[in-house]
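Let me begin by presenting the structure, written as structure tokens, before commenting on it.
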Amino acid sequence: MSALRDLYQQVILDHNRNPKNFRVMQNATGSIEGYNPLCGDHYTIYVRMDGDVIADISFTGAGCAISKASASVMSSMLKGKTLGDAEGMFRDFRGLVTGALASEEEMERLGKLAAFAGVSEFPARVKCASLPWHTLHAALDGTSHAISTE
Amino acid sequence: MHTTTVHSNKADAPNVANQPGQANQDLLERFEAVRLCRHHFPLLRRRVNGKPLVYFDNAATSQKPQVVIDATIRYYEEENSNIHRGVHYLSERATQAYEGVRVKVQHLLNAAHQREIIFVRGTTEGINLVAYSYGRTCVGAGDEVLISAMEHHSNIVPWQILCEEKGANLRVIPINDRGEIELAEYEKLLTPRTKIVALTHVSNALGTINPVKTMVAMAHAHGIPVLLDGAQAVPHMKVDVRDLDCDFYVFSAHKAFGPTGVGVLYGVTKLLDAMPPYQSGGDMIKSVTFEKTVYNDLPYKFEAGTPNIGGGIGMGAAIDYINEIDLASLAEFEHELLDYATKRVAEIPGLRIIGTAREKAAVLSFVIDGIHPHDIGTILDDEGIAIRTGHHCAQPVMQRFGVPATARASFAFYNTKEEIDVFLAALHRVREVLG
């Protein structure tokens, strides 16, 4: 029960119900689709870069509460950040959901992302939480084909 | 075999047709007998996440009765040896046991000959064998392979690869909103270009039981052979391949209370004889020189290499088990479970059942408005309930119904109405947590 409450924290439920930046971006400088063929989660992430800075980020698509909230929180946290910041956050997030992040300092750095700590107790759901991040990563790398968790 | 006897005693029962009270009593007694079978499955006694396990993922794989587990262990403890080649005692014992399973399968399916029973790894390999061996000799450029819109990926992809290779076309029989084959459309799709029809007997994603006997007859009227995918049928109903008159029938042991990694391809002798081998190596040959190899007779022509002997023997024990229990009573009981679950889930706001065929096996696929199946699966798991969530290896079915995925509860005779009540309470909890 408590593990389940840890997974479905209020932050996650809120972002799932009312996702932030959930829209198509007309003037995107990059966009890419990401999907998980095992469960059918499917998102498109849009970014508009201004030099080294993520000037705008949005997403569309459908999937479970964990993946949708993850995309929403990610988009709200990365707006205005540099590519370097984004890389760092991605690294921390990956560590968080795979249970590899331990120190208080690291947890502190995560801010709202810490809501996803419960995911590490559910190995089958790690891919759900990571999908938007992997997709964004590919978009920033300039990958042109859709990316898949498998 | 130390199972509790659960014969239905149908033959011994007095004429109850005009005595409804007694007929009802008879049914209750038979259902009680079915309920006793639950104790044959040791895994069902375990707990998951601190709760008694509720196993509703039977369409993915069934649990195994103690007799199957024991037979497999006994084989490795007492008979383990390679088959078909040794003159020593153990090899003969193992060969006898393994070949004995072929006879059991022959009787289970009511096949005419032992040689028509080919052991494979499972349904997927059986279909691949036919697509590869029959397909590559009989399907050419411009020809057509006909499948239905409710096939599992394993009955789509092998044919797709074949068609690509040969320049042939894959045609698809449409289904209606209930998830039933459109028979009139099927008739139109049977043409002189159609070289084979490959069709699921029971849909894993929707539960639909297809009118396969009629569909085989319709294909045969055009001289077209039919392969039936029986993966979801064999565990739930009596299958008679000669009555169905199909040309190929495939199933996996593991969905029918046997071990994983073993299954059966049934094929009529006339077609199997004309087909080239699928894989080559030991056991499938009569003689080998560097100039020429003479292939073995049926069924060994299609059984290259040392097979899954232990798995085969486990499958034999599973067939003995199926024979000892009464499949007809079990099917009725499963139907009762499905009806009960179908009625109860109507309580859940926003729940929609995907697959409402009039003829249906014990599969309940559903979606809940605004809640992704994956989240349903995680919350149910927390309550000890195992269901499948996702596309069930049937993405075209999901596309047909306009959903990315479904949650699927699939029942076996060892499930109970009490478990369905637990399932319902958990679905209410899903709404609470995520609604």
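Each chain gets a letter, A, B and so on, in the order its sequence line appears, and its residues count up from 1. A quick note: this is a predicted structure, and the numbers were derived from the prediction, not measured.
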Checklist entry - Run the salt bridge (Lys or Arg N to Asp or Glu O under 4.0 Å) check on B:R429 and B:D382 step by step: do they pass? => result CA-CA 11 Å; B:R429 186 148 170 249; B:D382 195 56; 3.7 Å; yes
Item to check | Contact class of A:A65 relative to chain B, heavy atoms under 4.5 angstrom | outcome: both
Checklist entry - Tell me, side chain or backbone of A:I12 under 4.5 Å from chain B's heavy atoms, or both, or neither? => result neither
Checklist entry - Any side-chain donor-acceptor pair under 3.5 Å between B:S62 and B:H254? => result no
Checklist entry - Is it true that B:F411 and B:F56 have ring centroids separated by less than 6.0 Å? => result yes
Item to check | B:I376, part contacting chain A, at a heavy-atom distance under 4.5 Å | outcome: neither
Checklist entry - Angle class for the A:F93/A:W133 ring planes (parallel below 30°, perpendicular above 60°, tilted otherwise)? => result parallel
